Visitor: 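Structure below; questions to follow.
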Amino acid sequence: MSEYNPSQIEPKWQSFWLENKTFKTDDTDRTRPKFYVLDMFPYPSSAGLHVGHPEGYTATDILARYKRMKGFNVLHPMGWDAFGLPAEQYAVKTGTHPRETTRYNIAQFRRQLQAIGFSYDWDREVDTTDPAYFRWTQWIFLQLYKQGLAYEASVPVNWCPALGTVLANEEVIDGKSEVGGFPVIRKPMRQWMLKITAYAERLLNDLDELDWPDSVKEMQRNWIGKSVGADVQFQVDGHDEIIEVFTTRPDTLWGATYMVLAPEHPLVDVITTPEQREDVQAYRNEASLKSDLDRTDTRKKKTGIFTGGYAINPVNDARIPVWVADYVLISYGTGAIMAVPGHDERDWEFARAFGLPIVEVVAGGDVEQAAYTDNQDGVLTNSSATGITLDGLRVPDAKKQIIQWLESHGKGQGTINYKLRDWLFSRQRYWGEPIPVIHVDGQPKPLDEASLPLELPEVEKYEPSGTGESPLSLIESWVNTTDPQTGKPARRETNTMPQWAGSCWYYLRYISPDYELGPVDPEKEKYWMPVDMYVGGAEHAVLHLLYARFWHKVLFDLGVVSTKEPFQRLVNQGMILGEMEYTLFLDENGGYLSPEQAERYDGELTRIKLTDEDIEKTATGFVLKAEAASLHGLSGHDGELAIEARSYKMSKSRGNVINPDDVIKEYGADALRLYEMFMGPLEQVKPWSMRGVEGVYRFLKRVWRVFVDDRSGTLNEDLHQAEPSREQLKVLHETIKKVTEDIEGGRYNTAISQLMIFNNEAMKWDKKPLEVMQTFLVLLSPFAPHIAEELWSRLGNAQTIAAEHWPAHNGEYLVADSFTYAIQVNGKVRATLELPATQASDKTTVLELAKKEPLIARYLAEGNLVKEIFVPLKIVNFVVKP
RNA sequence: GCGAGAGUGGUGAAAUUGGUAGACACGCUAGAUUUAGGAUCUAGUGCCUUAACCGGUGUAGGGGUUCGAGUCCCCUCUCUCGCACCA
């Protein structure tokens, strides 16, 4: 073989690594520092690997290979998040057991990942659907149950009567089922809940210690949604009942001119007067029919209805009307509010719409024009009653005062509320972990830990039961059982766990995948945890990461794990979009439409894909070239015809999906790896470009030719056991330094460009010192491991390059012989001055020589030199005034 | 609406603490070589001006700080992501 041929060398090295277990993690070595680098494991879908997967996986693989060479004991595993809906839906359609589908898809995924040359320790593979794995998922559930963190409740689900099944949120689109478009209603069903709210405060506080993207931390904070305020009790006028509200602005109590109950609030019936009953009932019905989307549309006008009833404001005994309105949500706070239209935008809007009074109690704005919501600098006014006044206080102080007053008068207390809800933990599905609970005499009873795993029974059909329960409910022989302790008849729980469950703790199982005494071997856990680097998609910013943190904290409290947080550092890779597309829009009659017009166009839109040749860029954007325009019968138009230039998310329907297998077939895995990293910063969203792949492929071919003679296929004769020149050492050590720093900083794109710079230089060398070239291969090996191994072995090395030590740069070689100053006049570069390094820091010499530069002398002659700036080894600037 | 982030050539992108903007690559142009190539090599390539040098201009737009700003400060615009009546 003479030319670079990845399809020959790549499978060879992949087998080598597998057979020799090159990347097996040594579990007994406690002398080296550890490094745990983790990928978000994939759902093995039937579609196979997507180019988005190898993006993050390549980044972590480079890091893992680098850290090993740096002397770290590296844990770099992979596994499968294999429970989930698609396999079950496929089973409903074809009768194939989800286990079979899953097994097949996993094999596909594994094959594809191995074809990219990732350095996973395949002996640690985990599969969430493996009973040996979910035994411990169920075990953790039992611990949650014992801690009182798992409980049953009746909660509305997405019930589709036409399909006879409960749907996941993602299967419901605009209130209709994704399949068939049938109506979906909210139906309360018995469900398992996990009390994540009990951990809200810790989940919030511990974010501070994590080295995560700010955006993710912020999203989690918003999701948890802590707000500090007070519960305040309002006596209902003429009744014994009390309406309790939650408010973050108890200081504005005097401004509360009405109250609002959520339509579902239990006190609505009590408060509503007979005259209003009919209207209120109608309003409540209407609200119940609205989808959540309609109800929470902020642009819509507010609606509501007066109950006829009144409540008493505890601070001033004012009698204020109680309304019902759907802008108040039953699920947050107490489902009731005190409305302060002067200082809350929503209340202000509502008050305006229904002619309710607006009272100013915080000075600083004009409550006739808009609600004044400043809660820092505003000063209280109109807020006095017997024994208390807030007047003159600033908002934060007023809050403290009034809460004290409320507490001492038994009218309320300081409270903290969270947006975070408890986690709905059951799914009415077959393909999930069975919840290890039986029901005896109508009471839930956990299974004995020793009896785990509780496996899924074989079923005939995977269709929904028709009652909304999971298909498991139809398996009489499985559902009906006896309580092993009392012998009483019992019924098994038929709900299964959501897909999140298995992914909540998989990072622990990798540490000791065969451990039998618990989810993780405690000794090993102490060594390996926490995860030092976790890379995955931003779509998991909230749910997966929050749920996993929650379980981890529970396990921490139980002493199962030793760290408060599972993932010390987190990086989100950005999405890879399809190739850039240039589109011309035409209307029904073949007439031209601008991209803006096309967006609003109602008729049949024609999209014409254009190539680079058809278009050009002008000051206003991309437009059609004249030749191309006439081709589409658009020659009659004046001026430039704007077209759309953008890249879209890859999707089957758009037909712009790139299959990694195809890329590997044509350019090889090393080119795929290199391209995915060279595209741009890891975190960024970026469009795919096959031309870019070709570019890095050409680089690899050049690397090959630097070592191997194209014609003979033997090593190049200019590779010598020679003493490297100073110039060669300089480039090499610059490359060592840059590549090292860039890997540490996650800047893989610029690391690759430095490798390219080195190779471009090396191509020019008549004599290529072996020592220098071998070091280059070591630097290249984390990025393009196959070509590096192949060339390494051709150079006569018997051992894998993965076992080499990462080189360190020597600062001595980085010093240049000369330095080039940019000479500025008034901040503009007018000349450059190259001088020996020995003189470069000497101010007098440099300035003197600089002034002699012909161009500089010209500028100096034209004005008066008022100032000389000299920054050693940076710049010279002359300030000249006319 | 709120929150976060980002706007740099024809394209993907580089640019330590403010110090020669556009590294590296794609594309394009010209040339060489080859039976041919979408292979390889050489040279050029922000824009305007020029035969070339010189020069002008340029990091979304406007203003400011500074000897000097892509980088720091203020305002405006656009885009992306997240949240969205959470009291």
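Note that this is a predicted model, so its numbers are computed, not measured. In what follows, chains carry the letters A, B, and so on, assigned in the order in which the sequence lines appear, proteins first and then strands, with residues in each chain numbered from 1.
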Visitor: Name the nucleic acid region contacted by A:Arg221, choosing base, sugar-phosphate or nothing; use a 4.0 angstrom heavy-atom cut-off, strictly under.
Guide: nothing

Visitor: Measure from OH on A:Tyr372 to P on B:A87 and round the result to the nearest Å.
Guide: 19 Å

Visitor: Can you tell which of B:G3, B:C67, B:C54 lies closest to the side chain of A:Val879?
Guide: B:C67

Visitor: So does A:Glu581 have more than 12 non-hydrogen atoms from other groups sitting under 6.0 Å from CD?
Guide: yes

Visitor: Take atom CD1 of A:Ile576 and atom P of B:A13, then tell me their distance rounded to the nearest Å.
Guide: 12 Å

Visitor: I need the CH2-C1' distance between A:Trp212 and B:G5, as an integer number of Å.
Guide: 19 Å

Visitor: Would you call B:G58 syn or anti, using the 90° rule around 0?
Guide: anti

Visitor: When you measure from the centre of the six-membered ring of A:Tyr4, is the NZ or CZ of A:Lys701 under 6.0 Å away and within 45° of the axis?
Guide: no

Visitor: Which whole-number value in Å describes the distance from A:Asp326 CG to B:A87 C1'?
Guide: 15 Å

Visitor: How far, in whole Å, is B:G12 from B:U17 if one measures between their C1' atoms?
Guide: 28 Å

Visitor: Taking the side chain of A:Tyr859 as its heavy atoms from C-beta onward, which of B:G55, B:A87, B:C41 lies nearest to it?
Guide: B:G55

Visitor: From CZ of A:Phe699 over to P of B:C41, roughly how many Å is that when rounded to an integer?
Guide: 13 Å

Visitor: Round to the nearest Å and state the distance from A:Glu683 atom CD to B:C81 atom P.
Guide: 17 Å

Visitor: Going by the side chain to side chain contact (heavy atoms under 4.5 Å, CB included) test, name the single residue among A:Asn656, A:Leu577, A:Val693 that passes it with A:Trp688.
Guide: A:Val693

Visitor: Less than 4.0 Å between a side-chain N and a carboxylate O, is that true for A:Arg221 and A:Asp208?
Guide: yes

Visitor: Side chain of A:Lys701, heavy atoms from C-beta onward: which of B:A87, B:G12, B:A39 has the nearest atom to it?
Guide: B:A39

Visitor: Heavy-atom nearest nucleotide on RNA chain B for A:Met763 versus A:Glu345: which residue maps closer to 5'?
Guide: A:Glu345

Visitor: Considering only NZ, NE, NH1 and NH2 on the basic side and carboxylate oxygens on the acidic side, decide whether A:Glu676 and A:Arg673 come within less than 4.0 Å.
Guide: no

Visitor: For the atom pair CD (A:Glu734) and NZ (A:Lys730), what is the distance rounded to the nearest 0.5 Å?
Guide: 4.0 Å

Visitor: Do the non-hydrogen side-chain atoms of A:Tyr283 and A:Asp326 ever get within less than 4.5 Å of each other?
Guide: yes

Visitor: Could you give the NZ-to-C1' distance, from A:Lys828 to B:U57, as a whole number of Å?
Guide: 9 Å

Visitor: Could you check whether A:Arg646 makes a cation-pi contact with A:Tyr648, meaning its NZ or CZ is under 6.0 Å from the centre of the six-membered ring and within 45° of the ring axis?
Guide: yes

Visitor: Let me see the working for A:Lys399 and A:Asp251 under salt bridge (Lys or Arg N to Asp or Glu O under 4.0 Å), right down to the final yes or no.
Guide: CA-CA 5 Å; A:Lys399 281 185 188 173; A:Asp251 54 302; 5.0 Å; no

Visitor: Quantified in whole Å, what is the C1' atom distance between nucleotide B:A23 and nucleotide B:A13?
Guide: 10 Å

Visitor: Would you kindly compare A:Ser215 and A:Lys686 by the position of their nearest RNA chain B nucleotide and give the one closer to the 5′ end?
Guide: A:Ser215

Visitor: Kindly express the pairing pattern of RNA chain B in dot-bracket notation, using | wherever a base pairs with another strand and counting only Watson-Crick or G-U pairs under 3.5 Å.
Guide: (((((((..(((......[....)))((((((.......))))))(((......)))..(((((..]....))))))))))))....

Visitor: So which pairs with a foot in residues 731-753 of chain A pass ring-ring contact (aromatic ring centres under 6.0 Å, His included), sequence neighbours left out?
Guide: A:His733-A:Tyr813

Visitor: Find the distance A:Lys867:NZ to B:U66:C1' and express it as a whole number of Å.
Guide: 9 Å

Visitor: Can you give one letter per nucleotide of nucleotides 14-38 of chain B, 5' to 3': B if a protein heavy atom sits under 4.0 Å from the base, S if only from the sugar-phosphate, - if neither?
Guide: S--B-BB--BBSSS-----------

Visitor: For atom C1', what is the distance between B:G70 and B:U57, given to the nearest Å?
Guide: 16 Å

